[in-house]
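Data block below; observations after.
Quick note: numbers below take in every heavy atom, side chains included, and nothing from hydrogens, waters or symmetry partners. Quantities reported herein were computed from a predicted structural model and do not represent experimental measurements. Numbered from 1 within each chain, the chains take letters A, B, ... in sequence-line order.
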There are 2 protein chains.
Amino acid sequence: MIITEKHAHILEKAEELFATNGYEGTTVRDIANAAEVNLAMISYYFGSKEKLIEALFKIRMEGTKLKIEAVVNNENITPFQKLEILVDNYIGRVFERQSFYKVMLTEQMLNKNSVILKFMRQYKMSYITLIDEVIKEGHNLNQFKKEIDTMLLLCSMTGSVMQAIIGKDNYREFNLLNKMKENDFEELLKERLSKHIKSLFKVILGYEQ
Amino acid sequence: MIITEKHAHILEKAEELFATNGYEGTTVRDIANAAEVNLAMISYYFGSKEKLIEALFKIRMEGTKLKIEAVVNNENITPFQKLEILVDNYIGRVFERQSFYKVMLTEQMLNKNSVILKFMRQYKMSYITLIDEVIKEGHNLNQFKKEIDTMLLLCSMTGSVMQAIIGKDNYREFNLLNKMKENDFEELLKERLSKHIKSLFKVILGYEQ
DNA sequence: GAAAATATCAAACATTTGTTTAAATAAAAG
DNA sequence: CTTTTATTTAAACAAATGTTTGATATTTTC
(Lines give C-alpha, C1' and ligand atoms only; values in the text may rest on other atoms or scores of the structure.)
Protein backbone atom coordinates (compact mmCIF):
# COMPACT_ATOMS: atom_id res chain seq x y z
CA MET A 1 0.00 0.00 0.00
CA ILE A 2 1.33 3.38 -1.02
CA ILE A 3 1.05 6.10 1.60
CA THR A 4 0.47 9.54 0.06
CA GLU A 5 0.41 12.85 1.91
CA LYS A 6 -3.35 12.55 2.15
CA HIS A 7 -3.03 9.16 3.80
CA ALA A 8 -0.48 10.55 6.25
CA HIS A 9 -2.71 13.50 7.06
CA ILE A 10 -5.72 11.35 7.81
CA LEU A 11 -3.58 8.98 9.87
CA GLU A 12 -2.25 11.82 11.98
CA LYS A 13 -5.72 13.12 12.76
CA ALA A 14 -6.94 9.61 13.52
CA GLU A 15 -3.93 9.05 15.78
CA GLU A 16 -4.81 12.10 17.86
CA LEU A 17 -8.41 10.99 18.18
CA PHE A 18 -7.43 7.43 19.13
CA ALA A 19 -5.10 8.85 21.79
CA THR A 20 -7.79 11.01 23.39
CA ASN A 21 -10.89 8.88 22.84
CA GLY A 22 -9.57 5.38 22.21
CA TYR A 23 -10.01 3.31 19.07
CA GLU A 24 -13.55 2.21 19.86
CA GLY A 25 -14.40 5.65 21.14
CA THR A 26 -13.46 7.22 17.83
CA THR A 27 -15.93 7.07 14.96
CA VAL A 28 -15.07 7.11 11.29
CA ARG A 29 -17.10 10.30 11.11
CA ASP A 30 -14.89 11.88 13.78
CA ILE A 31 -11.83 11.04 11.73
CA ALA A 32 -13.35 12.36 8.51
CA ASN A 33 -14.31 15.63 10.21
CA ALA A 34 -10.91 16.10 11.85
CA ALA A 35 -9.10 15.41 8.59
CA GLU A 36 -11.62 17.50 6.66
CA VAL A 37 -12.38 14.81 4.13
CA ASN A 38 -15.64 13.16 3.15
CA LEU A 39 -16.75 10.21 5.24
CA ALA A 40 -16.48 7.81 2.33
CA MET A 41 -12.83 8.71 1.78
CA ILE A 42 -11.78 6.75 4.84
CA SER A 43 -13.00 3.51 3.30
CA TYR A 44 -11.75 4.62 -0.10
CA TYR A 45 -8.23 5.22 1.18
CA PHE A 46 -7.82 2.53 3.80
CA GLY A 47 -10.57 -0.02 3.19
CA SER A 48 -11.89 0.04 6.73
CA LYS A 49 -11.43 1.55 10.17
CA GLU A 50 -9.45 -1.48 11.26
CA LYS A 51 -7.12 -1.34 8.28
CA LEU A 52 -6.60 2.32 9.04
CA ILE A 53 -5.19 1.64 12.50
CA GLU A 54 -3.10 -1.17 11.06
CA ALA A 55 -1.67 1.31 8.56
CA LEU A 56 -0.95 3.68 11.44
CA PHE A 57 1.07 1.06 13.27
CA LYS A 58 2.88 0.11 10.10
CA ILE A 59 3.94 3.65 9.25
CA ARG A 60 4.97 4.51 12.81
CA MET A 61 6.92 1.37 13.45
CA GLU A 62 8.78 1.21 10.19
CA GLY A 63 11.44 3.82 10.88
CA THR A 64 11.85 3.02 14.54
CA LYS A 65 13.67 -0.27 14.26
CA LEU A 66 16.43 1.11 12.05
CA LYS A 67 16.95 4.10 14.35
CA ILE A 68 17.43 1.85 17.34
CA GLU A 69 19.92 -0.41 15.66
CA ALA A 70 22.07 2.44 14.41
CA VAL A 71 23.01 3.27 17.99
CA VAL A 72 24.29 -0.12 18.91
CA ASN A 73 26.37 -0.61 15.80
CA ASN A 74 28.46 2.38 16.76
CA GLU A 75 31.68 0.75 17.92
CA ASN A 76 33.37 3.81 19.37
CA ILE A 77 31.36 4.19 22.53
CA THR A 78 31.16 2.26 25.78
CA PRO A 79 28.23 -0.01 26.60
CA PHE A 80 26.93 2.41 29.18
CA GLN A 81 27.09 5.27 26.70
CA LYS A 82 25.07 3.11 24.32
CA LEU A 83 22.45 2.58 26.99
CA GLU A 84 22.37 6.30 27.68
CA ILE A 85 21.74 7.00 24.01
CA LEU A 86 19.04 4.32 23.89
CA VAL A 87 17.33 5.90 26.87
CA ASP A 88 17.45 9.39 25.39
CA ASN A 89 16.28 8.08 22.03
CA TYR A 90 13.36 6.36 23.69
CA ILE A 91 12.36 9.42 25.69
CA GLY A 92 12.71 11.60 22.62
CA ARG A 93 10.57 9.33 20.51
CA VAL A 94 7.80 9.02 23.08
CA PHE A 95 7.62 12.76 23.68
CA GLU A 96 7.68 13.45 19.95
CA ARG A 97 4.89 10.98 19.32
CA GLN A 98 2.91 11.06 22.55
CA SER A 99 -0.37 10.32 20.82
CA PHE A 100 0.95 7.21 19.16
CA TYR A 101 2.54 5.84 22.30
CA LYS A 102 -0.71 6.34 24.16
CA VAL A 103 -2.51 4.43 21.43
CA MET A 104 0.14 1.73 21.66
CA LEU A 105 -0.28 1.44 25.40
CA THR A 106 -4.04 0.90 25.21
CA GLU A 107 -3.74 -1.43 22.24
CA GLN A 108 -1.21 -3.47 24.17
CA MET A 109 -3.92 -4.19 26.67
CA LEU A 110 -6.96 -4.40 24.47
CA ASN A 111 -6.02 -5.32 20.98
CA LYS A 112 -6.66 -8.68 19.48
CA ASN A 113 -5.84 -7.57 15.95
CA SER A 114 -3.12 -9.92 14.78
CA VAL A 115 -1.45 -7.40 12.47
CA ILE A 116 -1.00 -4.91 15.28
CA LEU A 117 0.08 -7.59 17.72
CA LYS A 118 2.77 -8.66 15.27
CA PHE A 119 4.09 -5.11 14.96
CA MET A 120 4.24 -4.60 18.71
CA ARG A 121 5.84 -7.95 19.35
CA GLN A 122 8.49 -7.20 16.75
CA TYR A 123 9.17 -3.78 18.28
CA LYS A 124 9.48 -5.13 21.78
CA MET A 125 11.65 -8.04 20.87
CA SER A 126 14.09 -5.96 18.82
CA TYR A 127 14.41 -3.62 21.77
CA ILE A 128 14.99 -6.27 24.37
CA THR A 129 17.49 -8.34 22.42
CA LEU A 130 19.40 -5.21 21.57
CA ILE A 131 19.64 -3.99 25.14
CA ASP A 132 20.50 -7.50 26.23
CA GLU A 133 23.45 -7.47 23.86
CA VAL A 134 24.74 -4.17 25.15
CA ILE A 135 24.41 -5.35 28.72
CA LYS A 136 26.32 -8.55 27.96
CA GLU A 137 29.02 -6.45 26.33
CA GLY A 138 29.25 -4.38 29.50
CA HIS A 139 29.52 -7.48 31.62
CA ASN A 140 32.25 -8.91 29.41
CA LEU A 141 34.22 -5.70 29.75
CA ASN A 142 33.66 -5.94 33.50
CA GLN A 143 32.03 -2.51 33.52
CA PHE A 144 28.70 -3.82 34.78
CA LYS A 145 29.07 -5.67 38.05
CA LYS A 146 25.55 -6.93 38.71
CA GLU A 147 23.48 -9.61 37.04
CA ILE A 148 20.08 -8.19 36.22
CA ASP A 149 16.61 -8.90 34.93
CA THR A 150 16.76 -7.09 31.59
CA MET A 151 13.07 -7.18 31.01
CA LEU A 152 12.21 -5.67 34.38
CA LEU A 153 14.72 -2.93 33.75
CA LEU A 154 13.03 -2.27 30.43
CA CYS A 155 9.65 -2.25 32.19
CA SER A 156 10.98 0.41 34.51
CA MET A 157 12.19 2.52 31.62
CA THR A 158 9.05 2.35 29.50
CA GLY A 159 6.77 2.37 32.53
CA SER A 160 8.38 5.43 34.08
CA VAL A 161 8.17 7.39 30.85
CA MET A 162 4.60 6.40 30.10
CA GLN A 163 3.39 7.07 33.62
CA ALA A 164 5.10 10.44 33.56
CA ILE A 165 3.39 11.32 30.28
CA ILE A 166 -0.01 10.09 31.35
CA GLY A 167 0.29 11.92 34.65
CA LYS A 168 1.96 15.01 33.21
CA ASP A 169 -0.59 17.38 34.70
CA ASN A 170 -0.37 15.82 38.13
CA TYR A 171 3.40 16.14 38.02
CA ARG A 172 3.13 19.77 37.05
CA GLU A 173 0.72 20.54 39.82
CA PHE A 174 2.50 18.59 42.52
CA ASN A 175 5.81 20.25 41.70
CA LEU A 176 4.26 23.70 41.41
CA LEU A 177 5.27 24.20 37.79
CA ASN A 178 1.93 25.56 36.61
CA LYS A 179 3.26 28.88 35.40
CA MET A 180 5.71 27.27 32.99
CA LYS A 181 5.00 27.20 29.28
CA GLU A 182 3.98 23.78 27.98
CA ASN A 183 7.09 23.44 25.83
CA ASP A 184 9.49 24.44 28.57
CA PHE A 185 7.76 22.11 30.99
CA GLU A 186 8.07 19.20 28.58
CA GLU A 187 11.78 19.88 28.14
CA LEU A 188 12.22 19.97 31.90
CA LEU A 189 10.33 16.72 32.32
CA LYS A 190 12.36 15.05 29.57
CA GLU A 191 15.57 16.18 31.21
CA ARG A 192 14.51 14.89 34.62
CA LEU A 193 13.29 11.61 33.21
CA SER A 194 16.54 11.16 31.34
CA LYS A 195 18.61 11.67 34.48
CA HIS A 196 16.28 9.53 36.55
CA ILE A 197 16.30 6.56 34.21
CA LYS A 198 20.00 6.73 33.52
CA SER A 199 20.67 6.58 37.22
CA LEU A 200 18.32 3.61 37.45
CA PHE A 201 20.38 1.82 34.85
CA LYS A 202 23.59 2.84 36.53
CA VAL A 203 22.81 1.57 39.98
CA ILE A 204 21.00 -1.52 38.88
CA LEU A 205 23.78 -2.59 36.56
CA GLY A 206 26.43 -1.69 39.09
CA TYR A 207 28.18 0.45 36.53
CA GLU A 208 31.81 1.34 37.20
CA GLN A 209 33.99 3.09 34.70
CA MET B 1 -26.39 4.01 46.44
CA ILE B 2 -26.56 0.65 48.15
CA ILE B 3 -24.41 -2.08 46.64
CA THR B 4 -25.96 -5.53 46.97
CA GLU B 5 -24.33 -8.83 46.04
CA LYS B 6 -26.07 -8.63 42.68
CA HIS B 7 -24.54 -5.23 42.06
CA ALA B 8 -21.12 -6.52 43.02
CA HIS B 9 -21.50 -9.52 40.74
CA ILE B 10 -22.44 -7.43 37.73
CA LEU B 11 -19.62 -4.98 38.47
CA GLU B 12 -17.07 -7.78 38.58
CA LYS B 13 -18.14 -9.16 35.23
CA ALA B 14 -18.19 -5.67 33.74
CA GLU B 15 -14.73 -5.02 35.15
CA GLU B 16 -13.33 -8.06 33.37
CA LEU B 17 -14.91 -7.04 30.10
CA PHE B 18 -13.67 -3.45 30.40
CA ALA B 19 -10.18 -4.77 31.04
CA THR B 20 -10.12 -6.98 27.96
CA ASN B 21 -12.23 -4.95 25.55
CA GLY B 22 -12.17 -1.43 26.94
CA TYR B 23 -15.11 0.60 28.14
CA GLU B 24 -16.28 1.63 24.68
CA GLY B 25 -15.55 -1.83 23.35
CA THR B 26 -17.88 -3.41 25.89
CA THR B 27 -21.61 -3.34 25.23
CA VAL B 28 -24.32 -3.38 27.85
CA ARG B 29 -25.45 -6.63 26.26
CA ASP B 30 -21.98 -8.13 26.81
CA ILE B 31 -22.18 -7.24 30.48
CA ALA B 32 -25.69 -8.63 30.83
CA ASN B 33 -24.64 -11.90 29.19
CA ALA B 34 -21.51 -12.27 31.28
CA ALA B 35 -23.39 -11.56 34.50
CA GLU B 36 -26.29 -13.74 33.34
CA VAL B 37 -28.91 -11.09 33.94
CA ASN B 38 -31.44 -9.53 31.63
CA LEU B 39 -30.29 -6.60 29.53
CA ALA B 40 -32.71 -4.22 31.20
CA MET B 41 -31.29 -5.03 34.64
CA ILE B 42 -28.17 -3.01 33.95
CA SER B 43 -30.15 0.17 33.62
CA TYR B 44 -32.42 -0.92 36.43
CA TYR B 45 -29.53 -1.44 38.82
CA PHE B 46 -27.11 1.29 37.82
CA GLY B 47 -29.10 3.76 35.73
CA SER B 48 -26.73 3.72 32.80
CA LYS B 49 -23.51 2.25 31.46
CA GLU B 50 -21.63 5.34 32.53
CA LYS B 51 -23.00 5.23 36.06
CA LEU B 52 -22.01 1.57 36.18
CA ILE B 53 -18.33 2.33 35.62
CA GLU B 54 -18.55 5.16 38.12
CA ALA B 55 -19.93 2.70 40.66
CA LEU B 56 -17.03 0.37 39.84
CA PHE B 57 -14.48 3.06 40.61
CA LYS B 58 -16.30 4.01 43.76
CA ILE B 59 -16.41 0.49 45.17
CA ARG B 60 -12.82 -0.32 44.24
CA MET B 61 -11.29 2.87 45.56
CA GLU B 62 -13.16 3.03 48.81
CA GLY B 63 -11.15 0.51 50.77
CA THR B 64 -7.80 1.32 49.21
CA LYS B 65 -7.17 4.63 50.89
CA LEU B 66 -7.62 3.28 54.40
CA LYS B 67 -5.35 0.33 53.71
CA ILE B 68 -2.57 2.60 52.56
CA GLU B 69 -2.78 4.88 55.55
CA ALA B 70 -2.71 2.05 58.07
CA VAL B 71 0.86 1.27 57.04
CA VAL B 72 2.24 4.70 57.62
CA ASN B 73 0.66 5.18 61.01
CA ASN B 74 2.60 2.24 62.35
CA GLU B 75 5.23 3.93 64.52
CA ASN B 76 7.38 0.93 65.27
CA ILE B 77 9.06 0.52 61.91
CA THR B 78 11.73 2.48 60.06
CA PRO B 79 10.89 4.72 57.08
CA PHE B 80 12.48 2.30 54.67
CA GLN B 81 10.46 -0.58 56.11
CA LYS B 82 7.36 1.51 55.58
CA LEU B 83 8.30 2.03 51.97
CA GLU B 84 8.91 -1.69 51.59
CA ILE B 85 5.45 -2.41 52.92
CA LEU B 86 3.90 0.21 50.65
CA VAL B 87 5.63 -1.37 47.66
CA ASP B 88 4.49 -4.87 48.56
CA ASN B 89 0.97 -3.62 49.24
CA TYR B 90 0.86 -1.92 45.89
CA ILE B 91 2.12 -4.98 44.03
CA GLY B 92 -0.28 -7.18 45.94
CA ARG B 93 -3.24 -4.98 45.16
CA VAL B 94 -2.45 -4.69 41.47
CA PHE B 95 -1.98 -8.43 41.05
CA GLU B 96 -5.11 -9.15 43.02
CA ARG B 97 -7.13 -6.73 40.91
CA GLN B 98 -5.37 -6.81 37.56
CA SER B 99 -8.55 -6.15 35.63
CA PHE B 100 -9.36 -3.04 37.57
CA TYR B 101 -5.87 -1.61 37.32
CA LYS B 102 -5.94 -2.15 33.57
CA VAL B 103 -9.24 -0.30 33.40
CA MET B 104 -7.75 2.45 35.52
CA LEU B 105 -4.75 2.76 33.24
CA THR B 106 -6.84 3.23 30.12
CA GLU B 107 -9.30 5.53 31.86
CA GLN B 108 -6.37 7.65 33.02
CA MET B 109 -5.63 8.32 29.38
CA LEU B 110 -9.08 8.42 27.89
CA ASN B 111 -11.59 9.36 30.49
CA LYS B 112 -13.28 12.68 30.67
CA ASN B 113 -15.88 11.54 33.21
CA SER B 114 -15.50 13.94 36.10
CA VAL B 115 -16.59 11.44 38.75
CA ILE B 116 -13.91 8.98 37.72
CA LEU B 117 -11.29 11.69 37.36
CA LYS B 118 -12.04 12.80 40.92
CA PHE B 119 -11.56 9.28 42.27
CA MET B 120 -8.27 8.80 40.48
CA ARG B 121 -6.97 12.18 41.48
CA GLN B 122 -7.82 11.47 45.10
CA TYR B 123 -6.11 8.08 44.94
CA LYS B 124 -2.95 9.47 43.39
CA MET B 125 -2.69 12.41 45.71
CA SER B 126 -3.16 10.36 48.86
CA TYR B 127 -0.42 8.03 47.66
CA ILE B 128 2.06 10.73 46.79
CA THR B 129 1.62 12.82 49.92
CA LEU B 130 1.93 9.71 52.03
CA ILE B 131 5.15 8.53 50.44
CA ASP B 132 6.48 12.05 50.56
CA GLU B 133 5.94 12.06 54.30
CA VAL B 134 7.77 8.80 54.79
CA ILE B 135 10.65 10.01 52.67
CA LYS B 136 10.91 13.23 54.66
CA GLU B 137 10.95 11.17 57.83
CA GLY B 138 13.81 9.12 56.42
CA HIS B 139 15.73 12.24 55.54
CA ASN B 140 15.22 13.72 58.99
CA LEU B 141 16.56 10.53 60.55
CA ASN B 142 19.50 10.79 58.15
CA GLN B 143 18.73 7.33 56.80
CA PHE B 144 18.08 8.59 53.27
CA LYS B 145 21.05 10.48 51.88
CA LYS B 146 19.80 11.69 48.50
CA GLU B 147 17.27 14.34 47.52
CA ILE B 148 14.85 12.83 45.06
CA ASP B 149 11.93 13.47 42.75
CA THR B 150 9.18 11.63 44.62
CA MET B 151 6.77 11.66 41.74
CA LEU B 152 9.25 10.17 39.28
CA LEU B 153 10.05 7.46 41.79
CA LEU B 154 6.33 6.75 42.05
CA CYS B 155 6.10 6.70 38.25
CA SER B 156 8.82 4.08 38.23
CA MET B 157 7.01 1.95 40.76
CA THR B 158 3.57 2.07 39.16
CA GLY B 159 5.00 2.03 35.64
CA SER B 160 7.20 -1.00 36.28
CA VAL B 161 4.36 -2.99 37.77
CA MET B 162 1.86 -2.06 35.08
CA GLN B 163 4.29 -2.72 32.24
CA ALA B 164 5.16 -6.06 33.76
CA ILE B 165 1.49 -7.00 34.00
CA ILE B 166 0.65 -5.81 30.52
CA GLY B 167 3.66 -7.61 29.09
CA LYS B 168 3.34 -10.69 31.29
CA ASP B 169 3.33 -13.09 28.36
CA ASN B 170 6.36 -11.49 26.79
CA TYR B 171 8.21 -11.76 30.08
CA ARG B 172 7.30 -15.39 30.37
CA GLU B 173 8.45 -16.18 26.88
CA PHE B 174 11.66 -14.18 27.02
CA ASN B 175 12.67 -15.80 30.29
CA LEU B 176 11.69 -19.29 29.14
CA LEU B 177 9.08 -19.79 31.85
CA ASN B 178 6.38 -21.21 29.61
CA LYS B 179 6.06 -24.51 31.40
CA MET B 180 5.27 -22.87 34.71
CA LYS B 181 1.72 -22.85 36.05
CA GLU B 182 0.01 -19.46 35.80
CA ASN B 183 -0.23 -19.11 39.58
CA ASP B 184 3.37 -20.05 40.22
CA PHE B 185 4.51 -17.71 37.50
CA GLU B 186 2.56 -14.83 38.99
CA GLU B 187 4.10 -15.45 42.39
CA LEU B 188 7.55 -15.49 40.82
CA LEU B 189 6.89 -12.27 38.96
CA LYS B 190 5.55 -10.60 42.09
CA GLU B 191 8.64 -11.65 44.01
CA ARG B 192 10.97 -10.35 41.34
CA LEU B 193 9.06 -7.10 40.99
CA SER B 194 9.14 -6.61 44.73
CA LYS B 195 12.91 -7.06 44.89
CA HIS B 196 13.44 -4.94 41.80
CA ILE B 197 11.39 -1.98 43.00
CA LYS B 198 12.70 -2.11 46.54
CA SER B 199 16.23 -1.92 45.20
CA LEU B 200 15.17 1.02 43.06
CA PHE B 201 13.96 2.82 46.16
CA LYS B 202 17.07 1.88 48.05
CA VAL B 203 19.61 3.16 45.60
CA ILE B 204 17.67 6.22 44.55
CA LEU B 205 17.09 7.30 48.13
CA GLY B 206 20.65 6.48 49.12
CA TYR B 207 19.38 4.36 51.98
CA GLU B 208 21.82 3.59 54.78
CA GLN B 209 20.79 1.88 57.95
C1' DG C 1 -53.03 -13.98 52.58
C1' DA C 2 -54.08 -9.53 50.23
C1' DA C 3 -51.70 -5.32 48.92
C1' DA C 4 -47.59 -2.97 47.89
C1' DA C 5 -43.11 -2.84 46.48
C1' DT C 6 -39.37 -4.89 44.05
C1' DA C 7 -37.30 -7.64 40.40
C1' DT C 8 -37.28 -9.81 35.86
C1' DC C 9 -38.34 -10.22 31.17
C1' DA C 10 -38.97 -9.92 25.91
C1' DA C 11 -39.83 -6.52 22.82
C1' DA C 12 -39.46 -2.06 21.00
C1' DC C 13 -37.25 2.59 20.57
C1' DA C 14 -34.48 6.10 18.55
C1' DT C 15 -29.53 6.87 17.54
C1' DT C 16 -25.30 5.84 16.06
C1' DT C 17 -22.23 2.86 13.87
C1' DG C 18 -19.07 1.21 9.75
C1' DT C 19 -19.62 0.58 5.10
C1' DT C 20 -21.47 0.92 0.32
C1' DT C 21 -23.63 2.99 -3.58
C1' DA C 22 -24.15 5.56 -7.65
C1' DA C 23 -23.73 9.91 -9.46
C1' DA C 24 -20.64 14.00 -10.15
C1' DT C 25 -16.26 16.09 -10.56
C1' DA C 26 -11.33 16.39 -11.44
C1' DA C 27 -7.00 14.61 -13.28
C1' DA C 28 -4.26 11.87 -16.41
C1' DA C 29 -3.47 9.50 -20.68
C1' DG C 30 -3.83 8.90 -25.49
C1' DC D 1 -9.98 17.24 -27.35
C1' DT D 2 -11.71 12.95 -25.88
C1' DT D 3 -11.51 9.00 -23.37
C1' DT D 4 -10.17 6.75 -19.41
C1' DT D 5 -8.99 6.65 -14.73
C1' DA D 6 -8.99 8.49 -10.11
C1' DT D 7 -11.18 11.26 -6.62
C1' DT D 8 -15.01 13.31 -4.15
C1' DT D 9 -19.65 13.66 -2.76
C1' DA D 10 -24.44 13.13 -0.47
C1' DA D 11 -27.45 9.69 0.43
C1' DA D 12 -28.65 5.19 1.76
C1' DC D 13 -27.89 0.64 4.15
C1' DA D 14 -28.07 -2.82 7.52
C1' DA D 15 -26.37 -3.89 11.92
C1' DA D 16 -25.41 -2.61 16.57
C1' DT D 17 -25.92 0.44 20.40
C1' DG D 18 -27.82 2.35 25.08
C1' DT D 19 -32.10 2.93 26.97
C1' DT D 20 -37.12 2.46 27.89
C1' DT D 21 -41.54 0.24 28.01
C1' DG D 22 -45.22 -2.37 29.80
C1' DA D 23 -46.40 -6.77 31.13
C1' DT D 24 -45.31 -10.55 34.35
C1' DA D 25 -43.32 -12.71 38.23
C1' DT D 26 -41.39 -12.63 42.81
C1' DT D 27 -40.67 -10.89 47.38
C1' DT D 28 -41.79 -8.02 51.27
C1' DT D 29 -44.93 -5.74 54.33
C1' DC D 30 -48.77 -5.33 57.16
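- Nucleotide dG18(C) holds its P atom 12 Å from the CG atom of Leu17(A), rounded to whole Å.
- The side chain of Asn38(B) places an N or O atom within less than 4.0 Å of a non-bridging phosphate oxygen (OP1 or OP2) of dA10(C).
- A residue-by-residue look at Lys6(B) and Gly47(A) shows that Lys6(B) has its nearest nucleotide of DNA chain C further toward the 5' end.
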Under 3.5 Å, sequence neighbours excluded: what are the donor-acceptor pairs made by side chains of residues 35-45 of chain B?
{"residue": "Asn38(B)", "atom": "OD1", "partner": "Ala40(B)", "partner atom": "N", "Å": "2.9"}

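- Both Arg29(A) and Met41(A) lie near DNA chain D, and the one whose nearest nucleotide falls closer to the 5' end is Met41(A).
- Atom CG of Leu39(A) is separated from atom C1' of dA11(D) by 11 Å (rounded to the nearest Å).
- If you run side-chain contact (heavy atoms from CB on, under 4.5 Å) between Ser194(A) and each of Lys198(A), His196(A), Arg192(A), Lys190(A), only Lys198(A) comes through.
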Output one letter per nucleotide in nucleotides 22-29 of chain D: B when a protein non-hydrogen atom lies under 4.0 Å from the base, S when only the sugar-phosphate is that close, - when neither is. --------
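- Position along DNA chain C of the nearest nucleotide to Thr4(B) versus Ser43(A) favours Thr4(B) as the more 5'-ward residue.
- Contact annotation for Ile42(A): no contact, since no heavy-atom pair falls under 4.0 Å across all strands.
- Residue contacts for Phe46(A): at a heavy-atom cut-off of 4.0 Å it reaches no nucleic acid atom on any strand shown.
- For Phe18(A) and Tyr23(A), the gap between ring centers is short of 6.0 Å.
- At dT8(C), one or more side-chain N or O atoms of Tyr45(B) fall inside 4.0 Å of OP1 or OP2 (strictly under the cut-off).
- Arg93(B) forms no cation-pi arrangement with Tyr101(B), by the criterion of a distance under 6.0 Å to the ring centre and an angle within 45° of the ring axis.
- Note: CG (Asp30(B)) to P (dA16(D)) measures 12 Å, nearest angstrom.
- Atom C1' of nucleotide dG18(D) and atom OH of Tyr44(B) are separated by 19 Å, given to the nearest angstrom.
- Summarising the geometry, the separation between NZ on Lys49(B) and C1' on dT19(D) is reported as 12 Å, rounded to the nearest angstrom.
- Distance His7(A) NE2 to dA6(D) P: 13 Å, rounded to the nearest Å.
- Phe119(A) and Phe57(A) have their aromatic ring centers separated by at least 6.0 angstrom.
- Checked against the 6.0 Å centroid criterion, the rings of Tyr127(B) and Tyr123(B) qualify as a close aromatic pair.
- Nucleic acid contact for Lys51(B): none, since no nucleic acid atom lies under 4.0 Å from a heavy atom of the residue.
- Using a cutoff of 4.0 Å between basic side-chain nitrogens and carboxylate oxygens, Lys102(B) and Glu15(B) are not scored as salt-bridged.
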